[in-house]
Number of protein chains: 2
Amino acid sequence: MVDNVNTTENQIFEAALKVFHKKGLAGARMQEIANEAGINKSMLHYYFRNKEQLFAQVFMKSYKRFMETILPTLNEQNTWEEKIPGIIEHYANVMQTNPHLAMFVINELRQSPQEFINIVKTNSFLDSVLITQLREAIQKGQIRPVHPIQIWITLISGIIFPFIAQPMIKATIGTDESVWDNFIADRKRLMADMVINYLKVF
Amino acid sequence: MVDNVNTTENQIFEAALKVFHKKGLAGARMQEIANEAGINKSMLHYYFRNKEQLFAQVFMKSYKRFMETILPTLNEQNTWEEKIPGIIEHYANVMQTNPHLAMFVINELRQSPQEFINIVKTNSFLDSVLITQLREAIQKGQIRPVHPIQIWITLISGIIFPFIAQPMIKATIGTDESVWDNFIADRKRLMADMVINYLKVF
DNA sequence: GTCTATAAGGTGATAGAC
DNA sequence: GTCTATCACCTTATAGAC
């Protein structure tokens with residue numbers, strides 16, 4: 001399937017992406033996807049055989065958006081200190097553009113068959129430039145000796161979780177859109193500052 | 001309904017808690033809950049009328065476990081600096097005891113009716129002792145001037161997210177249980193150190 | 001309170017005309 | 001490729017015997 005072409009197949013796929021992201025595998029209805037696409041329900045089976053296979057394709061695509069898009073940022077030609085704000089910015093953008101993405105991937109992965117878990121293993125960030133850079137800086141005594149993977153998890157936790165918990169946070173700080181935007185702006189600055197500060201000052 | 005009594009009603013409720021946590025509202029089946037409880041399916045309707053009302057009760061109970069249990073820790077008679085490791089420890093324990101809890105609450109809250117969102121508003125941590133303490137310390141110039149709410153979100157993000165993303169993390173660092181335990185132990189130390197360090201050193 | 005049987009409606013999937 | 005009609009199954013919910 002070729003992207004960005006307005007074929008029936010692509011229209012269905014985009015609709016499926018939207019509905020599965022919002023409702024999950026169990027909550028999504030083939031009829032709802034058909035309605036969203038403005039296309040007859042039979043066409044879903046014609047192009048994707050059944051719900052299971054349609055979901056599998058949606059999940060793969062979503063996983064790529066969620067994980068693989070970060071790799072270029074991790075492997076850029078700059079210092080680890082420059083990479084950190086870049087990573088934060090990247091994930092904040094992904095989440096803002098697609099608010100259900102992270103939740104969808106993480107949630108479906110909980111009970112998915114091994115098939116899906118395997119694609120996680122084959123897309124590790126462990127051998128990225130960032131991790132290597134942090135490891136080297138630790139060896140040279142330039143930064144605090146922490147597992148680089150802990151730094152990585154700290155970064156993505158601090159950015160992704162607030163988006164996942166968005167409904168709860170908004171109920172607390174206020175539902176106004178500008179309040180949320182300020183919150184996220186603060187969040188990005190804080191996480192970058194805090195992690196860099198922690199690594200350097202010891 | 002009284003807790004910890006082995007009535008039919010409680011057996012059903014505990015089974016429902018388990019199944020809903022794992023499968024979510026859309027994925028859970030009344031028959032599966034009945035099987036889990038070892039009780040006839042008709043009894044579910046006898047005691048809880050329908051799936052919707054059973055779910056509502058399960059959600060309320062879960063939300064309390066997820067949020068309200070933290071309030072005592074936030075209001076303890078100690079300094080903010082002592083509270084931070086306490087909060088981290090508390091949430092790590094909650095997540096370890098009930099690995100599906102956070103995901104369930106956050107996930108169902110995404111599309112839940114206003115009814116559920118309202119209980120978030122009425123259980124705010126904004127007026128907790130911790131937040132007050134941080135605000136006062138900022139006014140006195142003792143710690144870095146950051147929104148106390150950002151500190152709070154940083155703490156819970158850094159602990160809850162790793163448990164939510166557990167399948168992905170395990171696929172990366174290894175599925176061995178001792179590896180995971182070490183990872184969490186490191187995580188708890190790192191988050192406490194990093195946040196306290198950031199607030200004090202400026 | 002507990003059980004069996006069954007109704008009532010929803011949902012994925014296919015057959016077959018065009 | 002696209003549509004309508006329809007099947008087969010699943011799931012919630014209830015009626016009614018005990």
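Chain A is the first sequence line, chain B the second, and so forth, proteins listed ahead of strands; every chain is numbered from 1. All of these numbers come straight from a predicted model, not from anything done at the bench.
Take A/Lys170 and apply the salt bridge (charged side-chain N to carboxylate O under 4.0 Å, His left out) test, not counting sequence neighbours, and it matches A/Glu177. Take B/Phe116 and apply the ring-ring contact (aromatic ring centres under 6.0 Å, His included) test, not counting sequence neighbours, and it matches B/Phe59. In this structure, the salt bridge (charged side-chain N to carboxylate O under 4.0 Å, His left out) partners of B/Arg189, at least two apart in sequence or on a different chain, are B/Asp186. Applying the salt bridge (charged side-chain N to carboxylate O under 4.0 Å, His left out) criterion to A/Asp193, with sequence neighbours excluded, gives no partner residue.
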Inset, instruction - Summarise protein proximity over nucleotides 2-9 of chain D in one line of letters, 5' to 3': B for base, S for sugar-phosphate only, - for none, counting protein heavy atoms closer than 4.0 Å. - result: BBB-----
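Within the structure, the ring pair (Phe, Tyr, Trp, His ring centres under 6.0 Å) test picks out the following pairs touching residues 182-202 of chain A (sequence neighbours left out): A/Trp180-A/Phe183. For residues 154-166 of chain A, every residue pair satisfying the side chain to side chain donor-acceptor pair (under 3.5 Å) rule, not counting sequence neighbours, is listed here: A/Thr154-B/Arg187. The salt bridge (charged side-chain N to carboxylate O under 4.0 Å, His left out) contacts involving residues 68-90 of chain A comprise A/Glu81-A/Lys200, A/Glu89-A/Lys188, where partners must be two or more places apart or lie in separate chains. Here side chain to side chain donor-acceptor pair (under 3.5 Å) pairs that include residues 24-40 of chain A, with residues two or more places apart or in two chains, are A/Lys18-A/Glu36, A/Lys23-A/Glu32, A/Gln31-A/Asn35, A/Asn40-A/Ser42.
Sorted by residue number, the list of members of residues 20-35 of chain B with any non-hydrogen atom under 4.0 Å from DNA chain C is empty.
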Can you give me every donor-acceptor pair (side chain of residues 104-112 of chain B, partner residue at least two apart or in another chain, under 3.5 Å) with its distance?
residue  : atom : partner  : partner atom : Å
B/Asn107 : OD1  : B/Arg110 : NE           : 3.2
B/Asn107 : OD1  : B/Arg110 : NH2          : 2.9
B/Glu108 : OE2  : B/Leu25  : N            : 2.9
B/Arg110 : NH1  : A/His21  : O            : 3.4
B/Arg110 : NH1  : A/His100 : ND1          : 3.0
B/Gln111 : NE2  : A/Lys22  : O            : 2.7
B/Ser112 : OG   : B/Glu108 : O            : 2.5

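Ring pair B/Trp152/B/Phe125 is tilted by interplanar angle, where 30° to 60° counts as tilted.
In this structure, the helix from C/dG1-D/dC18 to C/dC18-D/dG1 shows an angle of 10° between the axis at its start and the axis at its end, each fitted on 5 base pairs and rounded to 10°.
Rounded to whole angstrom, the span from the NE2 atom of A/His45 across to the C1' atom of C/dA13 amounts to 5 Å. What separates CD of A/Glu9 from P of D/dG1 is a distance of 8 Å, to the nearest Å. Distance, B/Gln53 CD to D/dT12 P: 15 Å, rounded to whole Å. At whole-Å resolution of the value, CG in B/Asn50 and C1' in D/dT14 are 12 Å apart. Straight-line distance from the CD1 atom of A/Ile12 to the C1' atom of C/dA13: 15 Å, rounded to whole Å. One atom, NZ of A/Lys51, and another, P of C/dT11, lie 9 Å apart when rounded to the nearest Å.
Here A/Phe13 contributes atom CZ and A/Leu54 contributes atom CG; the two are 7.5 Å apart, rounded to the nearest 0.5 Å.
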